[in-house]
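Before any comments, here is the structure.
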2 protein chains.
Amino acid sequence: MRTSPFDLNQQNAHLESKIVAAFERVAQAFRVLLWQESKVLGLSPIQIQVLIFLLHHAAEKRKVSYLAAEFNLSKATISDTIKTLDQKGLLEKEYLPQDTRSYILHLSAQGEKLAQQAALFANDIQQPIDRLTLGEKERLFAQLTGIIDHLNKAGVISIQRMCLTCSFYVAHRNGMPHYCRLLEKALEQAELRIDCPEHHPVEVIR
Amino acid sequence: MRTSPFDLNQQNAHLESKIVAAFERVAQAFRVLLWQESKVLGLSPIQIQVLIFLLHHAAEKRKVSYLAAEFNLSKATISDTIKTLDQKGLLEKEYLPQDTRSYILHLSAQGEKLAQQAALFANDIQQPIDRLTLGEKERLFAQLTGIIDHLNKAGVISIQRMCLTCSFYVAHRNGMPHYCRLLEKALEQAELRIDCPEHHPVEVIR
DNA sequence: CCATGTAGTTAGGTTTCCTATCTTTGTGGG
DNA sequence: CCCACAAAGATAGGAAACCTAACTACATGG
């Protein structure tokens, strides 16, 4: 039975669930910002995400199947999205001789312009982060990578290009720093990548 | 031209955007988890969110209009969602004499059971957070509240029940701790609320 | 050269949202 | 006490975001 006029029990939710609630808010903010941007640009949210993705990723990732896995959508949905973007003249398709079923996506000049603009949609989220001190940023980054790594191992996020899931990565352990066998150098915490272009996934036995 | 091998500036130049990218991943994880849960329970994502919301919020917030603002959706969408949940027997409507246009939503016994189960959907996100040390949790929480506060002030998130936007809140400043004039007590960082049932928004002049 | 697998498309349907329009009710000047 | 206006919610109609399933075309390895 309650004795307090305020429901202290509910209010004093554990710190962990408050953190989850906070993440939920931030996630919501992303959705809202993306939605707003989509109205401004006259594109759907997924169209914008594809354009932004194409801005920064290498050839073997610029394909329908990869995009479907990346965004947890069916190939049909992506195929549709690509068709629309193509009709709008924002994309070009490059067919390679070694596999004519598939093609690589490129942004047209207009597409690149739009993508650059779209990429600013998360500005409102970046601003408060810019204001943190370097140490705060590094700790925040470390915690986020830890969470993402866990989510990846739990199978929630299918595709990953983080150092922690890369076969070139040698774990930080027993006082040894993070190390990349491709770059052949030790990495500071803040140097770990979230979206490495050279990422080569570890084979996972499930 | 940069010559130093310890070019910290360069190394950390993109740390902010890496953090944003990491948040984006976590946001994606929420979407995926909610989607999965919706398939398991045979409810839509928004239906689940409404059920969970009703589990913890007070009468004046359990209304169509409030829910629409809460989730950044139109009243029509929420109205529809409520109709479906009602038809499934998960809700009950309470009409008050002082305003018969509106009604307050309550979970039925079955609805509450479902909501309890649905609320576990974020478990995968909570797990890695549980493993952080108390200090890490506190810093993470502080950084998240700072970001959310900024998003709120930037108008991205319309509804807020955080201490930082509450009229009972007296700011942490000049060595003074956070303070709540309703509870009449000082609050530790970790005691700040993300979703306070007693929240009374500050009037904002725009 | 056939069997099997893979890349992408298409068709068709469901769900999720919106805008616009309505009905009903509350409210605050004249 | 009206009447204009606002506010709560419902409804209709439509766009688009998704899915599954079936299909075409090509690759690849016995």
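FYI, side chains are in, hydrogens and waters are out, and symmetry mates aren't considered; it's all heavy atoms of this structure. Since the structure is predicted, the reported quantities are computational estimates derived from the model, not experimental observations.
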### Task
Please report, rounded to the nearest Å, how far the P atom of D:dA17 is from the CD1 atom of A:I48.
10 Å
### Query
Expressed in angstrom and rounded to an integer, what is the separation of B:D99 atom CG from C:dT27 atom P?
7 Å
#### Entry: Ion pair A:K137/B:E16, N-O distance below 4.0 Å
yes
### Query
Is it the case that B:T81 and B:T84 place a side-chain donor and acceptor less than 3.5 Å from each other?
no
### Query
Judged by modelled atom types alone, do A:H106 and A:E94 share a side-chain donor-acceptor pair under 3.5 Å?
yes
### Task
Give B:S79 one of three labels, base, sugar-phosphate or nothing, depending on what nucleic acid heavy atoms sit under 4.0 Å from its own.
base
### Message
With hydrogens left out and only the distance checked, is there a donor-acceptor pair under 3.5 Å joining B:R101's side chain and the base of D:dA7?
### Response
yes
### Task
Would you kindly give the CZ-to-P distance between A:R62 and C:dG8, to the nearest whole Å?
14 Å
### Query
Using 4.0 Å as the upper bound for N to carboxylate O, is an ion pair formed by A:K75 and A:E70?
no
### Query
When the distance from CD of A:Q98 to P of C:dA7 is rounded to whole Å, what number comes out?
14 Å
### Of A:W35 and A:A76, the one whose closest DNA chain D nucleotide lies more 5'
A:W35
### Message
Using whole Å, what does the distance between atom C1' of nucleotide D:dA17 and atom CD1 of B:I46 come to?
### Response
16 Å
### Task
Determine: side-chain N/O of A:S102 to OP1/OP2 of D:dC26, distance under 4.0 Å, yes or no.
no
#### Entry: Aromatic ring pairing B:F71/B:F53, orientation class (parallel under 30°, perpendicular over 60°, tilted between)
perpendicular
### Message
Taking any heavy-atom pair under 4.0 Å as a contact, classify A:L73: base, sugar-phosphate, or nothing.
### Response
sugar-phosphate
### Query
Given atom CG of A:N72 and atom P of D:dC18, what is their separation to the nearest angstrom?
11 Å
### Query
So, is B:S74 near the phosphate of C:dC17, with a side-chain N or O under 4.0 Å from OP1 or OP2?
no
### Message
More than 12 heavy atoms of other residues, nucleotides or ligands under 6.0 Å from NZ of B:K113: yes or no?
### Response
no
#### Entry: Side-chain N or O of B:Y66 closer than 4.0 Å to phosphate OP1/OP2 of D:dG9
no
### Query
A:K61 has an atom NZ; how far is it from atom C1' of C:dA7, in whole Å?
19 Å
### Query
Are OP1 or OP2 of D:dA16 and a side-chain N or O of A:S44 less than 4.0 angstrom apart?
no
### Task
Identify whether any heavy atom of B:T77 sits under 4.0 Å from a base atom; if not, whether one sits that close to sugar-phosphate; answer base, sugar-phosphate or nothing.
base
### Query
B:D80 or A:V64: which one's nearest nucleotide on DNA chain C is closer to the 5' end?
A:V64
### Sugar-phosphate, base or nothing in reach of A:K93, heavy atoms under 4.0 Å
sugar-phosphate
### Message
C:dT9, OP1 or OP2 - any side-chain N/O from A:Y103 closer than 4.0 Å?
### Response
yes
### Message
Among D:dC26, D:dT20, C:dT19, which nucleotide has an atom closest to any side-chain atom of A:K39?
### Response
C:dT19
### Task
Measure the distance from OH on A:Y95 to P on D:dA25 and round it to the nearest whole Å.
13 Å
### Message
At 4.0 Å (heavy atoms only), tell me whether B:I78 reaches a base, stays on the sugar-phosphate, or touches nothing.
### Response
nothing
### Query
Would you say C:dT10 has OP1 or OP2 under 4.0 Å from some side-chain N or O of A:K83?
yes
